[in-house]
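So that the names make sense, note that chain A is the first sequence line, chain B the second, and so on, each numbered from 1.
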Amino acid sequence: MTDKNIPKAYEPNKVEDSIYKKWESSGLFEPNKKADNKPFSISMPPPNATGTLHLGHAVMLAIEDIMARYARMKGRPTLWLPGTDHAAIATENKVEKDLLKKSKKTKQELGREKFLKEVNDFVASSQNTIKKQMRKMGASCDWSRERYTLDEGLSRCVQEVFIKMYNDGLIYRGHRIVNWCTRCQSTLADDEVEYKEQYAKFYYLKYGPVTIGTARPETKVLDKVIIVHPDDKRYKEYIGKSLNVPWIDGTVKAIFVADKAADMDFGSGAMTITPAHSFLDFDLAKKYGFEIKQIIGPDGKLTENGGKFAGMDVREAREAIVKELDKKGLIEKIDENYVHNLSVCYRCDTPVEPLVSEQWFVSVDKPAREWRNKKQSLKKIALDAVKSGDIEIVPKRFNKTYFNWMDSLHDWCISRQIWFGHRIPVWYRKNDKSDYVVSIKSPGKDYEQDPDTLDTWFSSALWTFSTLLDKPKKDDTLDSWIERNRKKGKDLANFHPTTVMETGYDILFFWIARMILMTTYVLGEIPFKTVYLHGLIRDKQGRKMSKSLGNGIDPLDMIEKYGADATRLSLVLGTTAGNDSRLYEEKIAGYRNFINKIWNIARFILTSDAKTPVQTPHGDVSLLADKWIESRLQNLISETTEHYEKYEYSLAGEKIYDFLWHDLADWYVEISKCTDAPAGRLSLAPDILLQAIKLLHPFTPFVTEEIFQRLKKGKLIKTDDKFLASSEWPKVSTRHGAYPQKTKPCTEDRRSYGTRVEQDFKVLQDLITAIRDMRAKYSLPYSEKLDAVIATRKHKNLFQEQELVVEALTKVRIQVLPSKPVEKQNFIRSHASEFDIFIKLSANHFKKQKQNLSIEKEQLDQYIKILEKKLSNKNFLQNAPENVIKQEQEKLQDAEKKLKKLVHSHQT
RNA sequence: GGGCGCUUAGCUCAGCUGGUUAGAGCGCUUGUUUUACACACAAGAGGCCGGGGGUUCGACUCCCUCAGCGCCCACCA
């Protein structure tokens, strides 16, 4: 069978989309019900519904697709569940900005309902973009089960979980200090705050008999408690006393309190506290029962407590207050070079104000539920899930990071003062906030729903199981709903806990930790058995990719230019779990070349008519090359399967790459080209290629599928599989009379790696390379046929057998002898450890070679003499700088080495 | 301050539980229109595996230490 209609170069954008469509419509992305192995499931970390595909998504999709495709081919019912995230603050911010630009209106002006309609419209229109882009990547996820964090089922789940937690006393409303973004007008969780180092003025202020330091004088208006360390001798006399102190807005009555919170070595060792605007001070105030008075309001302006500064925004107030302090002579000095960690909002970069506010919290320390026969807190359970080994984190070192974070976890503030998201299912009686009902439906007309929404991570935390639940019934409670879904045949029963959670290490805390926290609570089981963390993609210099630096790479551009397969390889190969990797275009181009290489191996096989296809794997394989490639393939299958199992995708991919290019293409195909072997021999190529592209398919689904279809159409392989994507994973076998597997190093002789066949073939390769080397060194073009004598005892039979192969690949006719030829005239020689090569040249040619040699040798000799003379010159040695002498010595050594080599290789 | 990672060829990186001659891609040098591929082929150059010390028959690999780079967490009034 031949097919001459194959493009010379693989053209990904001509085939990828249609291949994807065929896969998707065939239903192969849905779990195979006939498969009877243990199920494999993976929840896709949902990209933001309004985002576009970036490299972070691309890596995620590439790795997860590898996992899913591998599992599928291994015969496991495989579910990779896709979805999108409403990304509350991020989306709301975006729409807010657009709105302001478009119609110069704020969201408040528009009103809640209309604004939410805007947001939902925007989501609906942009959601499809990212879904299309995910398909471009080749992601084999089950679109029939696609979910959205704000869809009906998930919203219900979120609210039901809230209610359950409230009833269990795990969600409470509290007046506490929180991080407040004055731009978003909302609270932020601890980990939604970022810190930016910057220079700030640091003021030393006279406060009665002591000096206090601060970078934020505007918060200090009402300060009247001085904390000093109990062991601090300087302030011993004051402890417990109170005195009148002239201060910003008149005189305040200040008291001294001893607490170890004060650092004796920092500043003056004395500090005043601002309970309403500092986490540490808030705790101290609670501890001692001090008054907590708000100075800064949610609008970022000073409240009426700020006296004459009330109404000023923070910056203004700072200036005014510093002026006032200066006027009163209370400024001792100002340090201009103070490095300050400014806290900013992770979404909009606005400085964050810690302030006291009434919010909803999840308690992580209260006893929550039974876990291993003991009632334990959310935190304890989440710690145990990893400590016990039930959840395995890859790479392991992130266990420690996880424990550290979990250990120091505080109660989680879950209410956000934004509109887009899951509204808190709490209803207040009008005019009385303390009279409220927690329920999904309104309890009555005189009730109003809490205007706040839930932290976006609250819904994400339920992702692995909430996406597997069926449609809730009207009167379902969380428990009845879950109970029903635990029944045999239901997705939750089949696929939860999920097998793997794959994501970037940057959201270990945001997401992974919270999923563990919430899922163990709701279901009493872990959300996933393994967490695989990938690293971040950086540019070639190792910098983060960002819009402002303009160093970003758009994965879609790369797919367009080089194909999805090449793009995927560039994101997975040469990387390891948990480590960042660098990406640049040449790297992708390199993998494009590889894809093209595979294409051309297939093209060769498809277009060469000399070979009879192998109908069935058979035992009659007697040629060394056949045995060798078969042995290599079997090793490849066993090695790469092991790597896949251990999540070592980079290693697996590189080994397949190496096999296809450097074993199959460079040697097997080359040999098969030039041997006039009997039909049926050297014709394993189609089958070997098939096995290899199966192994590679999870990495490069498109090109391998395209090749498979063409091999099938050309009847070069025997298969009933509709798609390569749904074919069976290769198994290690001894078919084709393959030799036994390469084993671990033997105990008695560690040098005897590999099989006999592979060793023999290696020697053959060495011989061919050595002859080619001689051709290059002596400038002997391949157009000139040559004769050579190979002297070897050890490999006499091998070389004699492989005479034709050697001749075809080197254009040198060889004669194999057990010893060196007697007549050595006109021979050039090369020596290897187990054989010697003597190539016969014509008398003329030989003379020319000798001349070349002698000229080169003479030049080197002269150079060495000069250097030696220089280095024995006392003057030079005494006066020249050390590094120059060293350089000269090195030059001499190099030259001597070169000469030795030259003489050696030209010996006749 | 606490924790973690990295340092291997010019560049970007592999190298699993210690064991052949330390590998790959790109780049470089030389040659080649060899009937799959110039997105190619062939050959080659290039490495005290960050420094020092230790364990071992044997260390890129394990331990200690120093140096440089990077990340995460905490956060100082």
When you compare [N] with [M], how far apart are their [atom1] atoms, in angstrom units rounded to a whole number?
N     : M     : atom1 : answer
B:G25 : B:U21 : P     : 22 Å
B:G51 : B:A42 : C1'   : 41 Å
B:C4  : B:C49 : P     : 27 Å

Are any protein N/O atoms closer than 3.5 Å to N/O atoms in nucleotides 70-77 of chain B? If there are, list each pair with its distance.
residue, atom, partner, partner atom, Å
B:C75, N3, A:N341, ND2, 2.6
B:C75, N4, A:N341, ND2, 3.3
B:A77, OP2, A:Y338, OH, 2.0
B:A77, O3', A:T214, OG1, 3.2
B:A77, N6, A:D263, O, 2.7
B:A77, N6, A:F266, O, 2.8
B:A77, N1, A:D263, N, 3.0

Query raised in the report: Does a side-chain N or O from A:K400 land closer than 4.0 Å to OP1 or OP2 of B:C4, or not?
Result: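 Answer yes for this pair, as a side-chain N or O of A:K400 is under 4.0 Å from OP1 or OP2.
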Query raised in the report: With a 4.0 Å cut-off, would you call A:R775 and A:E784 a salt bridge?
Result: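 Here A:R775 does not pair with A:E784 in a salt bridge, since their nearest N and O are not under 4.0 Å apart.
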Query raised in the report: Is it the case that A:K811 places NZ or CZ above or below the six-membered ring of A:Y782, under 6.0 angstrom from the centre and within 45 degrees of the axis?
Result: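 Judged by the rule, A:K811 and A:Y782 form no cation-pi pair.
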Query raised in the report: Has A:K387 got its NZ or CZ under 6.0 Å from the middle of the six-membered ring of A:F403, at an angle within 45 degrees of the ring axis?
Result: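 Verdict for A:F403: a cation-pi partner in A:K387.
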Requested in this report: Go along nucleotides 25-30 of chain B 5' to 3' and tag each nucleotide: B for a protein heavy atom under 4.0 Å from its base, S when only backbone or sugar atoms are that close, - otherwise.
Outcome: S-----
Requested in this report: Heavy atoms under 4.0 Å is the rule here; annotate nucleotides 33-38 of chain B 5' to 3' with B where the base is hit, S where only the sugar-phosphate is, and - elsewhere.
Outcome: ---BB-
Query raised in the report: What orientation do A:Y207 and A:W247 show, parallel under 30°, tilted 30 to 60°, or perpendicular over 60°?
Result: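 If you compare the ring of A:Y207 with that of A:W247, the planes turn out perpendicular.
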Does any nucleotide pair with [N] by Watson-Crick or G-U wobble geometry, both distances under 3.5 Å, and what is it?
N     : result
B:C69 : B:G5
B:C16 : none
B:A42 : B:U30

Query raised in the report: Within the distance-only criterion (no hydrogens, no angle test), does the side chain of A:N179 pair as donor or acceptor with the backbone N or O of A:P354 below 3.5 angstrom?
Result: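 No.
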Report task. Report which part of the nucleic acid A:R592 touches: base, sugar-phosphate, or nothing (heavy-atom distance under 4.0 Å, all strands). Result ->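 Base, at least one base atom sits under 4.0 Å.
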Requested in this report: Starting from P on B:A43, measure out to CG on A:L780 and report it in whole angstrom.
Outcome: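 Atom-to-atom, A:L780 to B:A43, this comes out as 15 Å.
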